[in-house]
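Reviewing the structure listed below.
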There are 2 protein chains.
Amino acid sequence: MSDPRAEPRRRGAYAKGVARRQEILDRAIEVFAERGSDRTSLRAIASAVGVTHAALTHYFGSLEELLIAVYLASGDADGEREPPSDDLTPVGMMIESARTNREVPGLVQLYSSLIATALEEGHPAAKEFATTRFARLREELASRIAAQQASGLIRGDVPADAVAALVIAASDGLQTQWLLDDAAPQHEALAALELMLRGSASRAPSGGDGAQ
Amino acid sequence: MSDPRAEPRRRGAYAKGVARRQEILDRAIEVFAERGSDRTSLRAIASAVGVTHAALTHYFGSLEELLIAVYLASGDADGEREPPSDDLTPVGMMIESARTNREVPGLVQLYSSLIATALEEGHPAAKEFATTRFARLREELASRIAAQQASGLIRGDVPADAVAALVIAASDGLQTQWLLDDAAPQHEALAALELMLRGSASRAPSGGDGAQ
DNA sequence: GTCTATACGTCGATAGAC
DNA sequence: GTCTATCGACGTATAGAC
């Protein structure tokens with residue numbers, strides 16, 4: 001659990017404030033990991049962290065932004081960040097991510113709640129979080145998929161960006177289904193998707209006919 | 001907690017009460033269809049319906065149960081109920097459902113919020129709603145898929161229940177992606193899934209080699 | 001700059017009057 | 001059966017202590 005926090009902080013915040021903010025954030029992450037995303041009131045988090053609820057708004061502006069920060073920082077801390085090999089399929093990445101999420105179910109709860117908030121009107125911070133997350137993920141996955149289509153690893157008769165959106169949607173949806181009911185065939189569904197994506201319609205990786 | 005009538009209302013309610021409840025429910029559905037799932041406080045709904053918020057809890061027990069009732073009744077009213085032909089693929093059903101949902105975006109918001117609530121602890125009504133919905137949908141879809149695998153319409157090398165979970169997850173996830181960003185390739189992703197499910201690995205529906 | 005103390009308006013829920 | 005009254009908890013905003 002190393003902690004290389006060289007995160008670029010906006011504007012002229014000073015070391016003391018940044019450190020304190022990070023300290024509060026780390027503690028909040030622990031709270032979420034332990035107790036799930038229940039008790040997610042400003043006052044409850046504040047008392048767990050050891051400050052008053054006003055201090056949280058001082059550093060994070062609003063509950064919504066605090067929750068977003070917690071989610072983002074949790075993902076970073078979990079080492080969810082990328083050194084995946086080029087041959088790892090998108091579905092493989094999903095499985096990896098789902099496995100770490102399974103160990104900290106509170107984060108999936110939190111994620112689901114953030115998405116629901118983003119869908120409502122009048123929550124610009126949550127909306128921007130969700131929109132940029134999906135856009136970035138789709139872009140990342142699509143280019144990876146396109147490369148794997150070119151190498152024949154993934155079938156070439158489906159558009160890369162559509163497959164990216166599909167894989168993300170399936171990952172999100174299956175996690176919630178599994179969280180609600182252990183009997184949901186999450187792993188089998190991912191395996192099926194993996195199988196169906198296999199480069200069955202393409203030749204050996206010799207010809208450059210992959211995409212389209 | 002210590003409330004003795006934790007159980008939902010038994011079927012012994014009288015005609016007058018039932019009619020009034022339905023009246024309130026219908027009005028609440030209109031409110032959601034018009035204004036989305038914002039302003040979803042008991043007081044806001046009550047004032048739109050023309051009663052006080054205490055009256056709503058009298059008929060529905062809690063805000064959570066009212067929201068569930070609104071969602072369920074909206075689905076029924078939309079004619080989302082099934083007379084789909086046996087040849088309609090699961091993905092086709094998703095597209096159909098997504099099209100009606102697109103006309104009433106408030107319902108997707110509401111659905112997403114209900115799922116997020118169900119994932120938290122201490123919300124048994126929402127949890128039961130979500131769990132039974134997914135279980136029923138998976139069961140329905142799986143048997144339909146198995147039949148179409150036997151007839152060669154869907155490839156037979158993937159387990160029917162896994163495909164069912166996958167299709168539901170993809171449908172849910174793609175709808176939220178699209179709702180957040182019109183540029184999300186919802187339709188293309190569904191088309192890709194449809195294509196990949198096609199019975200490419202199976203022969204003509206003569207031999208009984210289809211499923212498993 | 002940090003943080004506490006305090007206050008405001010709204011929320012879901014409940015008790016009791018009519 | 002429906003209202004009024006009230007409760008505790010919530011998110012937010014602000015004043016001022018360090």
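Chain naming here is simple, since letters A, B, ... match the order of the sequence lines and numbering starts at 1 in each.
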I need the [atom1]-[atom2] distance between [X] and [N], as an integer number of Å.
X: A:Glu23; N: C:dG1; atom1: CD; atom2: P; value: 19 Å
X: A:Leu56; N: D:dG11; atom1: CG; atom2: C1'; value: 12 Å
X: B:Glu64; N: C:dC11; atom1: CD; atom2: P; value: 18 Å
X: A:Leu66; N: D:dG11; atom1: CG; atom2: P; value: 10 Å
X: B:Phe60; N: C:dA13; atom1: CZ; atom2: P; value: 13 Å
X: A:Ile45; N: D:dG11; atom1: CD1; atom2: P; value: 8 Å
X: B:Leu42; N: D:dC3; atom1: CG; atom2: C1'; value: 15 Å

Check: [X] side chain, [Y] main-chain N or O, donor-acceptor pair, under 3.5 Å:
X: B:Gln177; Y: A:Ala165; result: yes
X: A:Gln148; Y: A:Leu88; result: yes
X: A:Gln149; Y: A:Ile154; result: no

Measure distances between side-chain N and O atoms of B:Arg20 and base N and O atoms of D:dG1, and say whether any donor-acceptor pair falls under 3.5 Å.
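By the distance-only test, no, there is no pair.
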Classify B:Leu63 by what it touches in the nucleic acid, base, sugar-phosphate, or nothing, heavy-atom distance under 4.0 Å.
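It contacts sugar-phosphate atoms only.
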Have a look at B:Ala55 and say if it touches a base, only the backbone sugar-phosphate, or nothing, with a 4.0 Å heavy-atom cut-off.
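Touches sugar-phosphate only.
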If you find the nucleotide of DNA chain D closest to B:Ile24 and the one closest to B:His53, which residue's nucleotide is nearer the 5' end?
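Result: B:Ile24.
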Kindly say if [X] contacts the phosphate of [N], meaning a side-chain N or O under 4.0 Å from OP1 or OP2.
X: A:Ser41; N: D:dA9; value: no
X: A:His58; N: C:dT2; value: yes
X: B:Thr52; N: D:dC3; value: yes

Stepwise side-chain hydrogen bond (donor to acceptor under 3.5 Å, both in side chains) test for A:Gln175 and A:Arg102
CA-CA 8 Å; A:Gln175 279 190 70; A:Arg102 196 170 302 194; over 6 Å; no
Between A:Arg136 and A:Glu139, does at least one N-O distance fall below 4.0 Å, as a salt bridge requires?
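A salt bridge is absent here (no side-chain N lies under 4.0 Å from a carboxylate O).
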I want to confirm an ordering. Mapping A:Val51 and A:Arg43 to their closest nucleotides on DNA chain C, which one lands closer to the 5' end?
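Checking each residue's closest nucleotide, the 5'-ward one belongs to A:Val51.
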B:Ala54 side-chain proximity, nearest of C:dA15, C:dT4, D:dC10:
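The nucleotide sitting nearest to the side chain is C:dA15.
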